[in-house]
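Report on the structure given below.
Since the structure is predicted, the reported quantities are computational estimates derived from the model, not experimental observations. Heavy-atom basis, side chains included; hydrogens, waters and symmetry copies ignored.
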Amino acid sequence: MTSAAPGAPLAASAEPLPPGWPGLPADPPLAGARRLASRIATLCWVEMRKIRHDRAELYTRAIQPALWLLIFGETFTRIHAIAVPNGIPYLDFLAPGILAQSTLFIAIFYGIQIIWERDAGVLAKLMVTPTPRAALITGKAFAAGVRSIVQAAVIVVLSAVLGVTLTLNPLKLLGVALIVVLGSAFFSCLSMSIAGVALSRDRLMGIGQAITMPLFFSSNALYPEKLMPGWLQAISKVNPLSYEVSALRWLLIGVPTNLALDTGVLVGATVAGITVSSLLLPRLAR
């Protein structure tokens, strides 16, 4: 039996130790950031590949927004029941709200997927990898956002077919995609946070159904904020969906808003959602 002398170099056949191991130089911050971004992108790509195996989900989820535009939008446009500022046709005013609604309905039940992964043992395997919990949550959140872009494209095309005057500016359309991703990322994080508390699919479904319509009706998706009673206006001002709708209205049909504020609220809400979901993830994985 032989032993290396103190201070002797490691044998050439030994496996390399990970960066940051005692006695070895730490990983440069830039390299660590790249690795984190790579893990987030990989997780996002894995989530996106699932769409290829279940494309029917995208088609069926487009039915409800289409009905809102075709029935609710067309009817209220004819009867002039809701006063819209600047003489905008009600259907034009409604289309960005329905776009935000469709992404909300996709993302708010995203936590069911992470509960399924826990039951299948996938989440436990992910938790023992060196990938940070925040990267796991971020990858899943932005995968939900990319899924929502496909749904948003369907709503935009349908709105154009119905005669809604939408922008053709490619930069604004890129901004629409960004706002949709941010909004969906936040609401998917909200769903995953609820999953960390509820711990079961049935409870998550019940809570999700209980909060979806209040979130939608307390926003400015269907009617201008100035038409709401005072107590509902106060709720609308703290509802992230209102800021998503306002940003989409400015980008798609030119309704004035504070785009920097709307985007900032969505970014802040998404960061907070990722933080809370990451803290609750170990509880879900038990």
Side-chain angles (χ1 to χ4, degrees), residues 18-20 26-50 103-149 178-208 210-212 215 238-241 243-244 263-286:
D27 216 10
L30 185 58
R34 286 176 181 169
R35 184 162 56 250
L36 179 62
S38 175
R39 288 171 179 169
I40 292 174
T42 300
L43 289 167
C44 188
W45 174 246
V46 169
E47 294 294 320
M48 285 302 302
R49 290 191 63 183
K50 296 176 183 178
T103 60
L104 165 67
F105 286 3
I106 287 177
I108 202 65
F109 295 108
Y110 204 73
I112 294 175
Q113 187 177 49
I114 203 169
I115 293 178
W116 178 88
E117 289 179 351
R118 179 204 62 189
D119 295 341
V122 176
L123 184 59
K125 294 177 181 178
L126 289 173
M127 290 290 290
V128 298
T129 66
T131 304
R133 289 174 293 177
L136 291 172
I137 295 296
T138 304
K140 292 181 176 297
F142 282 93
V146 177
R147 276 192 178 205
S148 296
I149 289 179
L178 175 62
I179 294 298
V180 166
V181 168
L182 284 174
S184 299
F186 165 70
F187 287 113
S188 65
C189 286
L190 176 62
S191 181
M192 288 185 280
S193 298
I194 295 172
V197 175
L199 301 179
S200 72
R201 279 171 283 191
D202 292 340
R203 290 176 186 169
L204 176 60
M205 285 290 293
I207 296 173
I211 67 174
T212 299
L215 278 170
V238 297
N239 185 349
L241 187 65
Y243 296 92
E244 181 181 356
T263 306
V265 168
L266 290 176
V267 170
T270 302
V271 171
I274 290 172
T275 303
V276 173
S277 300
S278 301
L279 293 174
L280 290 172
L281 190 60
R283 185 174 187 270
L284 181 64
R286 290 174 189 169

Separation between CG (Leu104) and CD1 (Ile211), nearest 0.5 Å, reads 8.0 Å
Side chain to side chain donor-acceptor pair (under 3.5 Å) pairs touching residues 184-194, sequence neighbours excluded, are Ser148-Ser184, Ser193-Ser277
Correct closest heavy-atom pair for Pro282 and Arg133 would be CG-NH1, 2.7 Å
Shortest non-hydrogen pair, Thr263 vs Ile179, comes out as OG1-CD1, 3.8 Å
When every non-hydrogen atom of Asn239 is compared with those of Tyr243, the smallest separation belongs to O-CD1, 3.4 Å
Beyond-backbone contact of Phe187 with Leu215, side-chain heavy atoms, under 4.5 angstrom
yes
Taken to the nearest 0.5 Å, the spacing of Met192 CE from Ile137 CD1 works out to 4.5 Å
Here the pair of heavy atoms bringing Arg118 nearest to Leu199 is NH1-O, 2.8 Å
Closest non-hydrogen contact found for Leu204 with Ile115 is CD2-CD1, 4.0 Å
| task | Would you sort out whether Thr103 and Ile149 count as a side-chain contact (heavy atoms from CB on, under 4.5 Å), showing the intermediate values? | result | CA-CA 8 Å; Thr103 60; Ile149 289 179; over 6 Å; no
Please report, to 0.1 Å, the donor-acceptor pairs under 3.5 Å made by any side chain of residues 264-275, with sequence neighbours excluded.
residue: Thr270; atom: OG1; partner: Leu182; partner atom: O; Å: 3.2
residue: Thr270; atom: OG1; partner: Leu266; partner atom: O; Å: 2.7
residue: Thr275; atom: OG1; partner: Val271; partner atom: O; Å: 2.9

Taking Gly196's backbone N and O only, do any of them form a donor-acceptor pair with Arg283's side chain (distance below 3.5 Å, no angle check)?
yes
Q) Do any N or O atoms from the side chain of Arg201 and from the backbone of Gln113 form a donor-acceptor pair under 3.5 angstrom? A) no
Sequence neighbours excluded, the answer for salt bridge (Lys or Arg N to Asp or Glu O under 4.0 Å) partners of Arg203 is none
Output for pair (Ile194 CD1, Phe109 CZ), nearest 0.5 Å, gives 9.0 Å
